[in-house]
Amino acid sequence: VSAAALNTLAIVGVGLIGGSFAAALRSAGLVRRVIGVGRSRANLERAVELGVIDQISSDAAQAAAEADLVFVAVPVQQTETVLGSIAPHLRDDAIVCDAGSTKGDVVAAAQRALGARFVQFVPAHPIAGAELSGVGAASASLYRDRLVVLTPTDATRTEAVERVQALWAACGARVVRMDAARHDAVFAAVSHLPHVLAFALVHQIAQRPDAADLFSFAGAGFRDFTRIAGSSPEMWRDIALANKDALLIELGAYRAELDALARCIAEGDGQGLAGMFESARSARQKWLKR
Ligand code: NAD
């Protein structure tokens, strides 16, 4: 399905993800007018300066009433409030979509908040991002050659799913569909776990009395491992709590792996260690080449 141009796109949460979506559609010539809704006036003014949005609205309901597509890109625990405030104002033919990093909680929130309008909601998660936040970090090319996972339910309008899929494709993304529960299990393992581990590592070093000394000796390995601990604490708090069950399973699996590693070290089991490291390295090389 090729994407038809949108007359009015409303972006609720004009940060890295929302700003990049607007910028990408604009550069593809697929949107006539973009209304931005947000919490921070300064960020929205910056979005106008950057040409990412045309208009600022302080009222999500009013912006939604004018929009043919409402794109919600706020920290996931804000989703229900935002959807609740726009629900009574949506047009019959409007589409609502999101970009939240978790999907089970978002779908449940949308069911509660949107009621009969739930059929117009297309849940999505772009697998693209950065440890940077705010519209200043947004880019029209963020989604190019990246994956976007859609998790529609049986109730979701087919035309809405197809329209959203075409818009993401126009941003340069490859779109796949998945069940929300599977999505949350997969991303707990490959995204949510590594983020909380990076935060935990930096946190446990930062708490020590000699932290400054330790940090002064940290090199490239530390920088690479901890890059994602530069991410938004609010966003990651919300993700960890929203995907609690799946994330706790992954933390348990990682803890077991650490225990096995510690046992190898304590017992001087070089073969065990080398085996683990070798299998990890080759799996990573294969992943990089894929
Ligand atoms: P961001 O901090 O850059 O932008 C979020 C924006 O939402 C901010 O401008 C904030 O002021 C605004 N906001 C917060 N609560 C609001 C509310 N109630 N009403 C209106 N505006 C509100 O964050 P981001 O990286 O763009 O993330 C947005 C969403 O995208 C999150 O759900 C996140 O899980 C998801 N996501 C992020 C990444 C990433 O790598 N950053 C990747 C994929 C998906």
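The figures here come from the full heavy-atom set of this structure, side chains too, leaving out hydrogens, waters and symmetry mates. Counting starts at 1 for both ligands and their atoms, in listed order. On a predicted model such as this, the values are computed, not experimentally measured, just so you know.
- The shortest contact between atom 2 (O) of ligand 1 and any protein heavy atom is with Ser133 CB, 3.6 Å.
- Taken to the nearest 0.5 Å, the CD1 atom of Ile205 stands 9.5 Å off from the CG atom of Asp210.
- If you look at His125 next to ligand 1, the close heavy atoms, those under 4.0 Å, all belong to the side chain.
- With 3.5 Å as the limit, one finds a donor-acceptor pair spanning the side chains of Arg177 and Gln165.
- If you look at Ser231 next to ligand 1, there are no close heavy atoms at all, none under 4.0 Å.
- Which of Asp98, Val14, Ile17 comes nearest to atom 25 (O) of ligand 1 through a heavy atom is settled by distance: it is Ile17.
- Of the protein's non-hydrogen atoms, Val74 O, 3.3 Å is the one closest to atom 31 (C) of ligand 1.
- Around the CZ atom of Arg144, the shell of radius 6.0 Å holds no more than 12 heavy atoms that belong to other residues, nucleotides or ligands.
- Shown here for Gly18 and Phe71, the closest heavy-atom pair between the two residues is CA-CE2, 3.7 Å.
- Linking Ile, Leu, Val, Met, Phe, Trp and Tyr whenever their side-chain heavy atoms come within less than 4.5 Å puts Ile95 and Leu25 in one cluster.
- Scanning for ring pair (Phe, Tyr, Trp, His ring centres under 6.0 Å) contacts around Phe222 gives Phe215, with sequence neighbours left out.
- Put simply, CD1 on Ile239 and CG on Asp184 are 10.5 Å apart, with the number rounded to the nearest 0.5 Å.
- Residue Arg39 touches ligand 1 through backbone and side chain together, judged by heavy-atom distances below 4.0 Å.
- Between Phe187 and His125, the angle of the ring planes goes over 60°, which puts this pair in the perpendicular group of the 30/60° scheme.
- Compare Ser85, Gly15, Gly136 by their heavy atoms: the one nearest to atom 4 (O) of ligand 1 is in Gly15.
- Atoms of ligand 1 lying under 4.0 Å from any heavy atom of Asn43, numbered from 1 in the order shown and given with element: 9 (O).
- Given atom 19 (N) of ligand 1, the protein heavy atom at minimum distance is Val82 CG2, 4.0 Å.
- Going from atom OG of Ser57 over to atom CG of Leu44 covers 9.0 Å, rounded to the nearest 0.5 Å.
- For atom 6 (C) of ligand 1, the closest non-hydrogen atom of the protein is Gly13 CA, 3.8 Å.
- In summary, the atoms of ligand 1 found under 4.0 Å from a heavy atom of Ile239, numbered by their order in the structure, are 34 (O).
- In terms of protein heavy atoms, atom 43 (C) of ligand 1 is closest to Pro126 O, 3.2 Å.
- Hydrophobic clustering (side-chain heavy atoms under 4.5 Å, transitive across Ile, Leu, Val, Met, Phe, Trp, Tyr) groups Leu142 together with Leu150.
- For Arg91, the CZ atom sits in a packed shell: over 12 heavy atoms of surrounding residues, nucleotides or ligands are nearer than 6.0 Å.
- Protein heavy atom at the shortest distance from atom 34 (O) of ligand 1 is Ser101 OG, 2.6 Å.
- Counting heavy atoms closer than 4.0 Å to ligand 1, residue Leu132 contributes nothing at all.
- Here is the list of ligand 1 atoms found below 4.0 Å of a heavy atom in Pro75: 14 (C), 15 (N), 32 (O).
- One hydrophobic cluster holds both Val31 and Tyr143 under the rule that ILVMFWY side chains link at heavy-atom gaps under 4.5 Å.
- For atom 37 (C) of ligand 1, the closest non-hydrogen atom on the protein side is Met235 CE, 3.3 Å.
- Counting heavy atoms only, Ala73 comes closest to atom 5 (C) of ligand 1 of the residues Ala128, Ala99, Ala73, Gly100.
- In summary, the atoms of ligand 1 found under 4.0 Å from a heavy atom of Val12, numbered by their order in the structure, are 20 (C).
- At under 3.5 Å, a nitrogen or oxygen of Gln78, whether backbone or side chain, sits near a nitrogen or oxygen of ligand 1.
- Listed by number with element, the atoms of ligand 1 under 4.0 angstrom from any heavy atom of Val76 are 32 (O).
- Shown in contact with Gly129 at under 4.0 Å from a heavy atom are these atoms of ligand 1, numbered in order with element: 39 (C), 40 (O).
- With respect to Asp105 and Lys244, no salt bridge is recorded, no charged nitrogen being found less than 4.0 Å from a carboxylate O.
- Taking a cut-off of under 4.0 Å to the non-hydrogen atoms of Gly134, the atoms of ligand 1 that pass are 1 (P), 3 (O).
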